[in-house]
**Q** 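Here's a structure for you.
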Amino acid sequence: MKSKQFIGALAAAMMAAGVATAGTLEDVQAKGHLQCGVSTGLVGFAAADANGNWDGFDVAVCRAVAAGVLGDAQAVKFTPTTGKTRFTALSSGEVDMLARNTTWTFSRDADLKLTFVGVNYYDGQGFMVPAGLGVSSAKELDGATVCIQTGTTTELNLADFFRSNNISYEPVPIETNAEAQQQYLAGACDVYTTDRSGLAATRATFENAADHVILPEIISKEPLGPLVRHGDDQWADIVRWTLNALITAEELGITSANVGEIGSGPTNNPEVNRLMGTEGDLGGMIGLDKAWAQRAIAAGGNYGEIFERHIGENTPIGLARGLNAQWTDGGLIYSPPFR
């Protein structure tokens, strides 16, 4: 017969586990909104307008999750976070998820106990300099002052790159993209380094964008994506498969314009039917109804629509799909099957 002490300890452990795995889905449904951690302001990815309305590539992921879970893409409150504060905000429960151009790394996954649910942008670290500096390669930056956001992978990558090329630099620590932009334009640093998508987004806000050059070197792998806390597999599945729904919708030709028609009845494509909820009940497996993916797609469109609207070649940011093209077009964007 087990001792009372053992039973008490077991009960305490189970209660602790219950706290750790408390249902984020139920919490979100109870409060009636999703709390999403985003950047402090990166045009094209996550930025608020003068009225406080948030928009962007990462914001669209938050809105898709809210639409799938709550039936309302606007039922999102946004928490701006810096490179230093973002993980604390998520781990403490201040936010329900992060969608903040955050790189998936081993230590963040295993040591910080965070779950990356996928990649929504494959990136790499680069360098931006004033054209007047006359530099055409990052290897010519010996002795440069470099604006670098603290608490990011770019700090470590920068040190590795300069050390491996036997050149020196002087770091100028900054905490937000707005601060980096201000310091860089003021001449407090010769170089600004971050993910190349972030450099493109920052340069797009400059009055004289053509006066600044993004150098050709890409010095790292930066798989960026949304993340949640360890310990709540159901919530991780919801965020993961919402992103996958947006990716699969593009592959299958489902858009914000036709999702209502396609979702109104079975088609001759079984995967379309499963995604739309007109065949089987995949939604039920993650605690949602059959039409969750329809709502997520309708919120802002499929992955391609979101990309082109916020950061694509016809926007001021002007990013080509590149690695972020669908796998069928030679890119890395690929979803596991809905089956």
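The first residue of the sequence shown is numbered 1, and numbering continues consecutively from there.
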**Q** Any idea which heavy atoms bring Val228 and Val239 closest together, and the distance?
**A** CG1-CG2, 4.0 Å
**Q** Is Tyr334 isolated, or which residues cluster with it under the ILVMFWY side-chain rule of less than 4.5 Å, directly or via members?
**A** Trp327
**Q** Using 0.5 Å steps for rounding, measure from the CG atom of Leu246 to the OG atom of Ser335.
**A** 9.5 Å
**Q** Where the side chain of His33 meets the backbone of Gln74, is there a donor-acceptor pair that is under 3.5 Å apart?
**A** no
**Q** Indicate whether any N or O donor in one side chain lies under 3.5 Å from an N or O acceptor in the other, for Ser39 and Asn101.
**A** no
**Q** Answer whether the closest heavy-atom distance between the side chains of Thr115 and Trp235 falls below 4.5 Å.
**A** no
**Q** Going by the disulfide bond (SG atoms under 2.5 Å apart) test, which pairs reach into residues 162-231, not counting sequence neighbours?
**A** Cys147-Cys189
**Q** Is it the case that atom CD in Gln182 sees more than 12 heavy atoms from other parts of the structure closer than 6.0 Å?
**A** no
**Q** What's in the same ILVMFWY side-chain cluster as Ile167, cut-off under 4.5 Å, chained through other members?
**A** Phe127, Val129, Leu133, Val135, Leu141, Val146, Ile148, Leu158, Phe161, Phe162, Tyr169, Val191, Val213, Leu215, Ile219
**Q** With a 3.5 Å cut-off and no angle check, do the side chains of Glu305 and Ser256 form a donor-acceptor pair?
**A** yes
**Q** Decide yes or no for Phe57 and Leu42: does some side-chain heavy atom of the first lie under 4.5 Å from some side-chain heavy atom of the second?
**A** no
**Q** With Asp49, which residues qualify under side-chain contact (heavy atoms from CB on, under 4.5 Å), at least two apart?
**A** Asn51, Asn53
**Q** Checking side-chain polar atoms at under 3.5 Å, does Thr145 have a donor or acceptor matched by the opposite partner on Asp190?
**A** yes
**Q** Using the rule that Ile, Leu, Val, Met, Phe, Trp and Tyr join whenever any side-chain heavy atoms are under 4.5 Å apart, tell me whether Leu323 and Leu224 fall into a single cluster.
**A** yes
**Q** Mind checking the CZ-CZ spacing from Arg274 to Phe338? Nearest 0.5 Å is all I need.
**A** 10.5 Å
**Q** Check Arg309 with Asp55, please: is the shortest side-chain N to carboxylate O separation under 4.0 Å?
**A** no
**Q** Measure the CH2-CG distance between Trp292 and Leu282 for me, rounded to the nearest 0.5 Å.
**A** 8.0 Å
**Q** Kindly say whether Gly151 contributes a backbone atom to a donor-acceptor pair with the side chain of Glu155 at under 3.5 angstrom?
**A** yes
**Q** What are the two closest heavy atoms between Ala320 and Phe307, and how far apart are they?
**A** O-CZ, 3.7 Å
**Q** According to disulfide bond (SG atoms under 2.5 Å apart), does anything in residues 192-257 pair up with another residue at least two apart or in another chain? List the pairs.
**A** none
**Q** Would you call Trp241 and Asn244 a side-chain contact if the rule is heavy atoms closer than 4.5 Å?
**A** yes
**Q** Could you report the tightest heavy-atom contact between Pro216 and Ser136, atom names first, then the distance?
**A** CD-O, 3.4 Å
**Q** Residues sharing Phe106's hydrophobic cluster, by side-chain heavy-atom contacts under 4.5 Å among ILVMFWY, directly or via others?
**A** none
**Q** Indicate whether the side chain of Thr328 and that of Gln326 have a donor and an acceptor atom separated by less than 3.5 Å.
**A** no
**Q** Taking the side chain as everything from C-beta on, heavy atoms only, tell me whether Tyr121 gets closer than 4.5 Å to Leu319.
**A** yes
**Q** Once rounded to the nearest 0.5 Å, what's the spacing between atom CG of Leu332 and atom CZ of Arg321?
**A** 11.5 Å
**Q** Got a sec, which residues hit side chain to side chain donor-acceptor pair (under 3.5 Å) with Asp195, two or more places apart in sequence or on another chain?
**A** none
**Q** Decide side chain to side chain donor-acceptor pair (under 3.5 Å) for Thr193 and Thr154; before the verdict, give the C-alpha distance in whole Å, the side-chain angles of both, and the deciding distance to 0.1 Å.
**A** CA-CA 7 Å; Thr193 183; Thr154 52; over 6 Å; no
**Q** Between the side chain of Thr85 and the main-chain N/O of Thr81, is any donor-acceptor distance below 3.5 Å?
**A** no
**Q** Looking at Thr248 and Ala245, would you say the former's side chain and the latter's main chain have a donor-acceptor pair under 3.5 Å?
**A** no
**Q** Do you know the tightest heavy-atom contact between Phe78 and Arg63?
**A** CE1-NH2, 3.6 Å
**Q** Indicate, with yes or no, if Leu114 and Leu25 share a hydrophobic cluster defined by side-chain heavy-atom contacts under 4.5 Å among Ile, Leu, Val, Met, Phe, Trp and Tyr.
**A** yes
**Q** Specify the closest pair of heavy atoms between Ile297 and Ala249, including all atoms of both residues, with the distance to one decimal.
**A** CD1-CB, 3.7 Å
**Q** Tell me which pairs pass disulfide bond (SG atoms under 2.5 Å apart) where either residue lies in residues 309-339, with sequence neighbours left out.
**A** none
**Q** Among Val28, Val38, Val65, exactly one meets side-chain contact (heavy atoms from CB on, under 4.5 Å) together with Met97. Which residue is that?
**A** Val65
**Q** Is Val272 close to Thr278 at the side-chain level, that is, under 4.5 Å between some pair of heavy atoms?
**A** no
**Q** Mind checking side chain to side chain donor-acceptor pair (under 3.5 Å) for Thr150 and listing every partner two or more places apart, or none if nothing turns up?
**A** none
**Q** Report, as yes or no, whether the 6.0 Å neighbourhood of atom CG on Asn314 holds more than 12 heavy atoms from other residues, nucleotides or ligands.
**A** no
**Q** Keeping Thr82 on the side-chain end and Lys84 on the backbone end, is there a donor-acceptor pair under 3.5 Å?
**A** yes
**Q** Can you confirm if the aromatic rings of Tyr192 and His212 lie within a centre distance of less than 6.0 Å?
**A** no
**Q** Any non-hydrogen side-chain atom of Ile254 less than 4.5 Å from a side-chain atom of Asn258?
**A** yes
**Q** If the condition is side chain to side chain donor-acceptor pair (under 3.5 Å), which residues does Asn273 pass it with, not counting sequence neighbours?
**A** Thr267, Glu279
**Q** Using only atom types and a distance under 3.5 Å, with no angle test, would you say the side chain of Arg240 pairs donor to acceptor with the backbone of Gly118?
**A** no
**Q** So is Arg108 actually on top of Phe116's ring, under 6.0 Å and inside 45° of the axis?
**A** no
**Q** Is there a side chain to side chain donor-acceptor pair (under 3.5 Å) between Glu94 and Thr79? Walk through the geometry before answering.
**A** CA-CA 8 Å; Glu94 181 183 352; Thr79 300; 4.6 Å; no
**Q** Enumerate the residue pairs fulfilling disulfide bond (SG atoms under 2.5 Å apart) with a member in residues 78-140, sequence neighbours excluded, ordered by first and then second residue.
**A** none
**Q** How would you list, by chain and number, every residue that makes a side chain to side chain donor-acceptor pair (under 3.5 Å) with Gln234, sequence neighbours excluded?
**A** none
**Q** Kindly indicate whether the side chain of Trp104, heavy atoms from C-beta on, has any atom under 4.5 Å from the side chain of Val119.
**A** yes
**Q** In terms of heavy-atom contacts, does NZ of Lys77 have more than 12 from other residues, nucleotides or ligands at under 6.0 Å?
**A** no
**Q** So does Asp96 get a backbone contact from the side chain of Gln35, meaning a donor-acceptor N/O pair under 3.5 Å?
**A** no
**Q** How many angstroms lie between atom CD of Gln29 and atom CG of Leu288, to the nearest 0.5 angstrom?
**A** 7.5 Å
**Q** Shortest non-hydrogen contact from Asn324 to Asn120?
**A** OD1-O, 4.3 Å
**Q** If you round to the nearest 0.5 Å, how far is CG of Asp58 from CZ of Arg100?
**A** 9.0 Å
**Q** Hey, are Gln149 and Thr194 close enough side-chain-wise for a donor-acceptor pair under 3.5 Å?
**A** no
**Q** Taking the side chain from Arg86 and the backbone from Gly83, do they hold a donor-acceptor pair closer than 3.5 Å?
**A** yes
**Q** Measure from the side-chain N and O atoms of Arg196 to the backbone N and O of Gly124, and report whether any donor-acceptor pair falls under 3.5 Å.
**A** no
**Q** Side chains of Ile311 and Ser197, heavy atoms from C-beta outward: is any pair under 4.5 Å?
**A** no
